[in-house]
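Below you'll find the structure, written out as structure tokens, and then a few comments.
One-based numbering, in listed order, for ligands and for the atoms of each. All values reported here derive from a predicted model rather than from experimental measurement.
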Amino acid sequence: MSTVEPFRPTPGAAKTAALAEARRLAGQVLVDGRLQCPPSGRALPVENPADETVIAEAARCDARDVAWAVEAAQRAYPAWSRRPARERGDLLRRAADRLAQEAEPLARLMALETGNALATQCRPEVASAIELLHFYAGLWSELKGRTLPWDPGTFAYVTREPLGVVGAIIPWNAPLLLMMAKLGPALAAGNTVVLKSAEQAPLTVLRAAEILQEVLPPGVANAISGYGEEAGKPLAEHPLVRKITFTGSCAVGKQILHYAADKLCPVTLELGGKSPNIVMDDADLEQVVSGVIVGMRFTRQGQSCSAGTRIYLHEKVYEEVVSRTVAELGKLRIGDPLDEQTQMGAIISREQFDRVTAYVEMARATPGARILCGGRRAAGLEKGYFYTPTLIEGVPHTSPVCTDEIFGPVALLYRFRDFDEALHLANKTDFGLAGALWTRDLSRALSFAEKIQAGFVQVNQYAGPRAGLSYGGYKMSGLGREYSLESMLEHFTLTKTVIVNYGS
Ligand code: NAI
Ligand code: MG
């Protein structure tokens, strides 16, 4: 059997095509079933982080635009919520199939606006986003109620109903996956949605919304763009928005809860992390080295909430793991996100690049701390926000470098002697999103799983969230769970208890 290589345009041709697409989408939002300019007509620049050029102007929505989009979603709500769940599932499945047909241009547009490498991040992300939408499309039959034996002559039952218009706010680091993590469960359950993309990455989301629109009724899934204060806040505060689902920083997550408090609106928050990755001396070191690199999400420039950024290595394996990891990181190919050979792209923005640089410089100035590799802009790439994968040892646990989420390619290394000490340090954080342990000892593994204060725990691997696995944080890492059946039922429906007294 012969295999046919898929057609892959050169980086130059891929960029030209993605640029043309970006310009076609410029200034618009997807509201009420079509691409159009919002009433305010204002714009914000979208930058290509790999060369610092403006690729297009995106719509910069304000409170008036938000109200206009929310009203469209509200008009679409009665028909969508009353539609049989089976039909909603069928439409979402067809929408996911359409996305799959457009996967490659979506991945290219994403690489252009986010700086994420096409081969290592954008293509896999598009595939995961489609998988997630398919998953929710198939869950329609789980929107069922239950009956309960009550008094004689009564019939008591519980049904589930959607909430109404959902306001969704997402960040830039995985725009398409996070879009589907919000839209999938919300729409399957019968809600309508206004989704605000991140100001740094509005275009892929808008194109995906346009594709969904080929299948979905108008007003069901609306995508707008704009800044947090100007568009995100009025969306969260809008009285017709009856549920807010947010992914992003801890600081904004707390703000969202305040906005929601006044109207007593339920909120799902997927916030940051500073997750531990612990290596015992009995671990398979071959697996560990790649697990440390995968866990750090270095091929996404470390821009992941679940990244294993605090790496605890048993003293007996410390030197070996460090030297092998440094050697592997040296081989990572950093550069043009649209080049098939590139494994690590650019940081999203000047702001994030400066933030990463500031934390590394803080570490450099810390007595006892030592930068083992990286710690600088990538050589030969003077334009664009390219930063080298960075490992630092000796940073105190009280330093902001250790307590804050850096959200860049920067990991901290710690040496430990016994497991309890490592576990204690691992839990010494305000966050609690993910965590991993590498060991061959089953009892140690299960004791770690029991004692680690985190919502997404792994042993001998450090994979990312996938459709079907509940994902979410403990402590300051958030409220609620995503990617699973529970997230649709618990976060996007209300239950109604009904007792019918039919007389005996
Ligand atoms: P951010 O939390 O400010 O932005 C995320 C989303 O919230 C964007 O759509 C933004 O426009 C919106 N937003 C901002 N302020 C808002 C407000 N007052 N009301 C409503 N919406 C608002 O994150 P940013 O500024 O992009 O990144 C800063 C830091 O946040 C990163 O360095 C990282 O530590 C963390 N972060 C965590 C993410 C995660 O997945 N856990 C994703 C992105 C950022
Ligand atoms: Mg911000």
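Look at E113 and R207 and you find no salt bridge, because none of the NZ, NE, NH1 or NH2 atoms lies under 4.0 Å from a carboxylate O. Salt-bridge formation is not detected for the pair E490/R481: no Lys NZ or Arg NE/NH1/NH2 atom is positioned less than 4.0 Å from an Asp or Glu carboxylate oxygen. Taking a cutoff of 4.0 Å between a charged side-chain nitrogen and a carboxylate oxygen, D51 and K15 qualify as a salt bridge.
The protein atom (non-hydrogen) at minimum distance from atom 43 (C) of ligand 1 is P171 CB, 3.4 Å. The protein heavy atom nearest to atom 1 (P) of ligand 1 is S249 OG, 3.6 Å. If you check which protein heavy atom lies closest to atom 22 (C) of ligand 1, you get G228 CA, 3.3 Å. For atom 3 (O) of ligand 1, the closest non-hydrogen atom of the protein is V252 CG2, 3.5 Å. With respect to atom 38 (C) of ligand 1, the closest heavy atom belonging to the protein is F407 CZ, 3.4 Å. At the shortest separation from atom 34 (O) of ligand 1 among protein heavy atoms lies E405 OE1, 2.8 Å.
The local environment of CD in E351 is sparse, with at most 12 non-hydrogen atoms from other residues, nucleotides or ligands closer than 6.0 Å. R34 CZ: 12 or fewer foreign heavy atoms inside a 6.0 Å radius. For CZ of R466, the number of neighbouring non-hydrogen atoms (other residues, nucleotides, ligands) closer than 6.0 Å is 12 at most. Counting non-hydrogen atoms of other residues, nucleotides and ligands closer than 6.0 Å to NZ of K263 gives a total above 12. Sparse packing is recorded around OH of Y474, with 12 or fewer heavy atoms of other residues, nucleotides or ligands lying under 6.0 Å away.
Short contacts between ligand 1 and G248, defined as distances under 4.0 Å to a heavy atom of the residue, involve ligand atoms 2 (O), 36 (N), 37 (C), 38 (C), 39 (C), 41 (N), 42 (C). Near R355, the atoms of ligand 1 lying under 4.0 angstrom from a non-hydrogen atom of the residue are 32 (O), 34 (O). Each of the following atoms of ligand 1 lies closer than 4.0 Å to a heavy atom of G272: 41 (N). Against a heavy-atom cut-off of under 4.0 Å, Q352 is close to the following atoms of ligand 1: 27 (O), 28 (C), 31 (C), 32 (O). Below 4.0 Å from some heavy atom of F246 lie the following atoms of ligand 1, by number and element: 2 (O), 6 (C), 7 (O). For ligand 1, the atoms sitting less than 4.0 Å from at least one non-hydrogen atom of G232 are 19 (N), 20 (C), 21 (N), numbered in the order shown with element in parentheses. Of all the atoms in ligand 1, the ones that sit under 4.0 Å from a non-hydrogen atom of E229 are 18 (N).
Contacts of S304 with ligand 1, taken as heavy-atom pairs under 4.0 Å, are absent altogether. Only the side chain of E199 comes within 4.0 Å of ligand 1, counting heavy atoms alone; its backbone N, CA, C and O stay farther away. When non-hydrogen atoms are compared, ligand 1 lies under 4.0 Å from the backbone of L271 (N, CA, C, O) but not from its side chain. The backbone of I170, and not its side chain, has at least one atom closer than 4.0 Å to an atom of ligand 1 (non-hydrogen atoms only; backbone = N, CA, C, O). Using a 4.0 Å cut-off between heavy atoms, E351 makes no contact with ligand 1 at all.
Remark: atom 7 (O) of ligand 1 lies closer than 4.0 Å to at least one protein heavy atom. Inside a 4.0 Å radius of atom 27 (O) of ligand 1 there is at least one protein heavy atom.
Looking at T268 and E482, their side chains never bring a donor and an acceptor atom within 3.5 Å of each other. A donor-acceptor contact closer than 3.5 angstrom links the side chains of S470 and E486.
The closest donor-acceptor contact from the side chain of K196 to the backbone of V66 lies at 3.5 Å or more, if one exists at all. Not a single donor-acceptor pair under 3.5 Å links the side chain of E393 to the backbone N or O of L372.
Compare A201, G473, G253, C305 by their heavy atoms: the one nearest to atom 39 (C) of ligand 1 is in C305. When W172, F431, Y359, Y259 are checked for heavy-atom proximity to atom 19 (N) of ligand 1, Y259 turns out nearest.
Between T247 and ligand 1, no pair of N/O atoms sits closer than 3.5 Å. In terms of polar-atom proximity, defined here as any N/O pair under 3.5 Å, Q255 makes no such contact with ligand 1. Residue I169 places no N or O, backbone or side chain, under 3.5 Å from any N or O of ligand 1.
The aromatic ring centres of H424 and Y414 sit 6.0 Å or more apart.
Residue A236 places every heavy atom at 4.0 Å or more from ligand 1.
The line from CG of L118 to CG of L338 is 6.0 Å long, rounded to the nearest 0.5 Å.
Aromatic ring pairs are classed by plane angle as parallel below 30°, tilted from 30° to 60° and perpendicular above 60°; the pair Y385 and F353 is tilted.
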